[in-house]
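For reference, the structure is listed below as structure tokens.
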Protein chains: 2
Amino acid sequence: MPKPVVSEAARRRRRPTKNGVVLSEDLIVRTALRMLREHGSAGLTVRRLGIALGADPSTLYRYFAGIDDLTLAIGDMLIGRAMAGWHGTGDWRADLRELGLRIHAAYLEHPQAAVLTANRISGKSHEIAADEAILGLLRGAGFPDREAVRVYHAFIDMTLAFAALDAASLALPEQARRADEEMWQATYARLSPATHPNIAAVAPLLVADMNDSAYPTALDMLLTSAATGLRSHKAC
Amino acid sequence: MPKPVVSEAARRRRRPTKNGVVLSEDLIVRTALRMLREHGSAGLTVRRLGIALGADPSTLYRYFAGIDDLTLAIGDMLIGRAMAGWHGTGDWRADLRELGLRIHAAYLEHPQAAVLTANRISGKSHEIAADEAILGLLRGAGFPDREAVRVYHAFIDMTLAFAALDAASLALPEQARRADEEMWQATYARLSPATHPNIAAVAPLLVADMNDSAYPTALDMLLTSAATGLRSHKAC
DNA sequence: CACCTTATGCCAACACTATTGACCTTTCGT
DNA sequence: ACGAAAGGTCAATAGTGTTGGCATAAGGTG
């Protein structure tokens, strides 16, 4: 057992690196985020990260068990940023909406990172805090426990799933992204009404709509359905 | 220009490999799918694929420009299988539900492959056919065009997003998947009621629920909300 | 202040990876 | 039957994550 990873809290000595940098989990993750932004989602490598930090690549294994562990930490930091400074207002529906949009936005701010981490469960502190907040809103609103868990599950998975999907298209290389966006013009808008009557009928609407995220719409629909269910529950 | 890739249609000579195997795009893609299933989503490497085919790894570059090109071809194949043999029944809500579940299921049948390709937009024929069918169902049900496009967009993106999310967790290496599944037991079920009252209160429900896909729930909520909107539209 | 333990950074090495350019051999149209 | 070139092979390059051993400085203890 050559390299035990010491938890950040239990870390006592802070020996500076050859170049004088003092490492920490937080610094490593923040640097990784910067590298992802600059070099794309395939540009995060242990070697490059080491160089960017001014430390030997192998040093990182004192902080993270492997690159997988590092990506989980990156994901947790994104959730942490989404939740930073959030406070509920008492209106469960507005609060949930705000929370979903915040998480979605936090991921889209770092699309290359989001692609790597959005579909992983980290179980780290920020993620747990978010889950606690969401469940609190639902139970506080009067959802019975079973229903609260159902809605919570749909809400959080939908939010992360959309974050990953939308991030993926933002993370494409400039050239590929433009090609995707112009697909709607080039392909869908030119289909014959004879073979594709429905697409042809709404083509202008499609072109206008498809390059925005559908998340806000889908989120509102989920919340509407939840509210409907809540009313019928209270009626009983 | 050392290695021009010849399109499958224009391919004329079929020289057998040292081991006597005759290559083709189709054979390569099918073999890649098998390897993904057997060795996990990180187990598809040019070297291994070459060995599995009984050919030198570099031979594959005669068929695909790079590994990225190969994954696109794999994705193409999945999309083709998703819609095969579908027919509507006339009940728009049931039909949409069926369609969503089919697409979701088709991806989950090859989770390791889905992970690599799920957040790419193809714009190819099968995808167009699905879009036409969905828009037809919504417009046939009486949604005004603008509303039909909104619901269509939310529906298709949500379906693909969940397919990617759920495929990702199925595609994790056995060890990591068990770790993720046990996270709910190991981490969430042990949080103190003092610090995390809501999670603690519903912990057993979470453990029971979180390892299934939330897609059916989210899909039903989306359809419920759409149906509500449709009723109020018809009332006008 | 000096000492000793040990946490932590560094180095070298390993077994991989994708990709490329040069070479050679088989295939097919003429 | 011949010659062009498609297509398979080989060798090499530059990169990857990861690990074991070593050196050194930090910080508690006397």
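Naming convention: chains lettered A, B, ... in sequence-line order (proteins, then strands); numbering from 1 in each chain. Because the structure is a prediction, the values reported are computed rather than measured.
Of the charged side-chain nitrogens involved, at least one lies within less than 4.0 Å of a carboxylate oxygen, so that D69(A) and K124(A) count as a salt-bridged pair. Between D220(B) and R97(B) a salt bridge is recorded (basic side-chain N to carboxylate O distance below 4.0 Å).
At a cut-off of 3.5 angstrom, the base of dG9(C) holds no donor-acceptor pair with the side chain of R15(A).
Rounded to an integer number of Å, the gap from L70(A) CG to dT18(D) P is 10 Å. Atom CZ of F64(B) is separated from atom C1' of dA18(C) by 16 Å (rounded to the nearest Å). Between L60(B) atom CG and dG8(D) atom P there is a gap of 9 Å when expressed in whole angstrom units. Following rounding to the nearest Å, L23(A) (CG) and dA25(D) (P) show an atom-to-atom distance of 16 Å. Rounding to whole angstrom units, OH of residue Y63(A) and P of dT18(D) are separated by 18 Å. One atom, CZ of R62(A), and another, C1' of dC10(C), lie 9 Å apart when rounded to the nearest Å. In this structure, the CG atom of L49(A) is 13 Å from the P atom of dC10(C), given to the nearest Å. Separating the CD1 atom of I51(A) from the P atom of dC10(C) is a distance of 12 Å, rounded to the nearest angstrom.
OP1 or OP2 of dT24(D) has not a single side-chain nitrogen or oxygen of K18(A) nearer than 4.0 Å.
A donor-acceptor contact shorter than 3.5 Å links the side chain of R102(A) to the backbone of A84(A).
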Could you write out each protein N or O paired with an N or O of nucleotides 12-17 of chain C at a distance under 3.5 Å?
from: dT17(C); atom 1: OP1; to: T45(B); atom 2: OG1; distance (Å): 3.3

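At a threshold of 4.0 angstrom between heavy atoms, the contacts of P57(A) with the nucleic acid are absent.
Shown here are the salt bridge (Lys or Arg N to Asp or Glu O under 4.0 Å) partners of D26(A), two or more places apart in sequence or in another chain: R30(A).
Between W86(A) and L99(A), the closest side-chain pair of non-hydrogen atoms falls below 4.5 Å.
Sorted by first and then second residue, the ring-ring contact (aromatic ring centres under 6.0 Å, His included) pairs involving residues 194-219 of chain B (not counting sequence neighbours) are H104(B)-Y215(B), F162(B)-Y215(B).
When all heavy atoms of A214(B) and D157(A) are compared, the pair lying nearest together is CB-OD2, 4.1 Å.
When distances run from any side-chain atom of Y61(A) to the nucleotides dG9(C), dT19(D), dG8(D), the shortest one goes to dT19(D).
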